[in-house]
Amino acid sequence: VALVPQGGNTGLVAGAVPHDGAVVVDLRALDHLEAVDVAAAQVTVGAGTTLEALQEHVAPHGLSFGVDLGARDSATVGGMVATNAGGLHVVRYGSMRSQVLGLEAVLGTGEVVAANLGGLVKDNTGYDLAGLICGSEGTLGIVTRVRLRLVPTPEERLVLLLGLPSVADAVDVLARVRARPTLHSVELMRAPDLALVEAHLDRPFPLQPLPPCVLLVELAGADPSPDLERLVTELGLPDERTAVAEGDPAAAGMWRWREAHPEAAAALGLVHKADVTLPAGGLAPFVGSVEAAVEASAPGATTLVYGHLADGNLHVNVVGPDADDDRPLDAVLELVLGHGGSVSAEHGIGRAKRAWLLRQRGEAAVAAMRDLKSALDPDGVLNPGVLLP
Ligand code: MLT
Ligand code: ZN
């Protein structure tokens with residue numbers, strides 16, 4: 001019987017959608033939180049723990065989890081491991097794979113594998129099974145427990161909005177801020193999409209008139225103010241092109257503008273999601289041509305572009321075409337490959353992008369993935385139809 005592991009069901013590539021009589025394995029009941037190991041800055045939690053429950057569990061110890069994302073109240077740790085989720089702070093802490101020290105998983109054979117659940121930082125004893133299962137989208141094993149690295153909670157955080165003339169200017173700002181030790185996030189937003197978010201939230205954006213391009217820069221640490229002042233002075237932007245929020249509630253208010261982008265797209269209708277990475281030099285040319293590429297394949301469609309600029313990770317959302325119309329997604333992914341990017345940055349392959357895996361990774365790499373799959377799941381019961389073409 002085919003098994004489809006499911007956590008918070010917040011995935012965006014149909015990787016947890018059952019087909020053809022498959023059985024859903026709902027992992028949300030595995031939500032046990034073990035005591036925080038403060039000396040090691042680590043914790044072990046059940047796969048069904050939500051990101052928010054994990055954050056609340058470790059916060060009293062002055063510790064945080066390095067991955068954060070908008071779906072925090074329902075996304076589960078197991079699903080985040082399975083998809084190697086990225087989110088808002090990859091530039092500072094890396095994606096999910098960088099936080100996972102060890103895990104327990106049930107393979108397709110029914111065998112239970114425990115890989116470094118003790119959280120040893122150095123353990124060079126053979127293949128990195130935890131790293132392999134991370135990002136395997138439930139095709140090699142079902143994750144049941146995870147040992148996670150934690151980070152010190154920054155004493156202070158500042159969120160800065162910068163209104164800029166173009167994406168090319170935003171990439172220049174990125175080059176200036178990248179080396180700052182307090183850098184925590186750099187997110188991209190654009191005027192046409194912000195206008196949709198304004199309508200969705202029913203309030204005006206803090207910078208008016210809407211700048212063509214907006215960067216949300218978060219700085220965090222013992223004292224991020226000098227970095228902020230230096231950046232603002234260096235850029236020499238007029239006052240109406242910058243806004244600063246200090247402290248948690250104000251910072252969360254600024255973040256709401258970025259986090260409401262997917263909601264604003266969903267309010268327009270069915271969304272075709274393209275989560276892609278571009279090399280730094282390809283970001284501005286890609287954003288400059290993606291709308292025309294979508295328009296050519298699906299005239300009249302609405303295209304939103306936003307994302308985690310520091311990681312080269314853009315989210316292209318297309319609204320208008322029917323659910324089974326693959327042309328807009330194909331047009332976007334073709335453009336991505338033409339610019340030397342990746343067809344999946346942080347959401348995974350799932351069912352939605354299976355056909356693109358060969359183009360992205362090549363025959364030999366996909367053949368090696370198939371060999372791994374048949375070794376760990378010889379009967380092919382784990383999430384068939386996901387990831388591998
Ligand atoms: C985001 O960064 O907002 C998420 O990856 C979700 C999305 O693009 O819909
Ligand atoms: Zn994202």
Side-chain angles (χ1 to χ4, degrees), residues 5 7-8 10-11 27-69 71-72 75-107 111-154 184-185 220 308 311 345-348 372 375-376 382:
T10 58
L27 291 146
R28 287 173 301 174
L30 296 184
D31 59 355
H32 182 65
L33 298 158
E34 295 185 21
V36 176
D37 182 342
V38 179
Q42 297 178 5
V43 69
T44 301
V45 301
T49 305
T50 64
L51 174 57
E52 194 168 68
L54 167 66
Q55 289 169 336
E56 286 169 3
H57 179 57
V58 304
H61 302 279
L63 294 167
S64 296
F65 185 56
V67 170
D68 191 19
L69 38 85
R72 59 185 74 77
T76 61
V77 168
M80 291 171 66
V81 171
T83 54
N84 185 25
L88 312 174
H89 306 308
V90 171
V91 65
R92 176 78 162 257
Y93 305 115
S95 62
M96 209 55 199
R97 192 176 279 120
S98 309
Q99 324 306 320
V100 174
L101 287 155
L103 55 72
E104 177 190 80
V106 185
L107 305 180
E111 210 80 47
V112 178
V113 172
N116 196 30
L117 271 178
L120 296 176
V121 173
K122 290 186 163 180
D123 178 18
N124 263 354
T125 51
Y127 299 158
D128 176 7
L129 294 177
L132 174 66
I133 286 171
C134 191
S136 66
E137 302 187 40
T139 63
L140 300 180
I142 298 183
V143 178
T144 48
R145 277 166 89 203
V146 190
R147 181 74 172 183
L148 297 165
R149 181 194 313 283
L150 302 171
V151 298
T153 303
H184 217 216
S185 307
H308 318 288
D311 319 324
E346 59 172 4
H347 295 171
L372 287 165
L376 302 189
L382 293 183

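Quick note: residue numbers are just sequence positions, from 1.
Summarising the geometry, atom CG belonging to Asp37 is positioned 12.5 Å from atom CG belonging to Leu148; distances are rounded to the nearest 0.5 Å. If you take CG on Leu376 and CG on Leu382, they are separated by 9.0 Å, rounding to the nearest 0.5 Å. Atoms CG and NE2, from Leu88 and His308 in turn, are 6.0 Å apart once rounded to the nearest 0.5 Å. The line from NE2 of His347 to CD of Glu137 is 11.5 Å long, rounded to the nearest 0.5 Å. Between the CD atom in Glu56 and the CZ atom in Arg72 there is a gap of 11.0 Å [rounded to 0.5 Å]. Atom-to-atom distance recorded for Thr44:OG1 and His32:NE2 is 9.0 Å, nearest 0.5 angstrom.
For the pair Leu69 and Thr10, the minimum side-chain heavy-atom distance is 4.5 Å or more. Side-chain contact between His89 and Phe65 is absent, with no heavy atoms from C-beta onward closer than 4.5 Å. Using a 4.5 Å cut-off on side-chain heavy atoms (C-beta onward), Val113 and Leu107 make contact.
Looking only at distances, no side-chain donor or acceptor of Arg145 sits under 3.5 Å from a matching main-chain atom of Glu104. Checking side-chain atoms of Asn116 against main-chain N and O of Leu101 turns up a donor-acceptor pair under 3.5 Å. Using modelled atom types, one side-chain atom of His57 and one backbone atom of Glu34 make a donor-acceptor pair closer than 3.5 Å. Judged by distance alone, with hydrogens and angles left aside, the side-chain atoms of Glu346 form no donor-acceptor pair with the main-chain N or O of Ser95 at under 3.5 Å. In this structure, Thr153 contributes its side chain and Leu63 its backbone to a donor-acceptor pair below 3.5 Å. Checked by atom type and distance alone, the side chain of Gln42 never pairs as donor or acceptor with a backbone atom of Val38 at under 3.5 Å.
Pairing each heavy atom of Ala47 with each of Thr76, the nearest pair is O-CB, 3.4 Å. Here the shortest heavy-atom pairing between Leu117 and Ala114 reads CD1-CB, 4.1 Å.
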Salt bridge (Lys or Arg N to Asp or Glu O under 4.0 Å) for Arg92 and Asp68? Distances and angles first, verdict last.
CA-CA 11 Å; Arg92 176 78 162 257; Asp68 191 19; over 6 Å; no
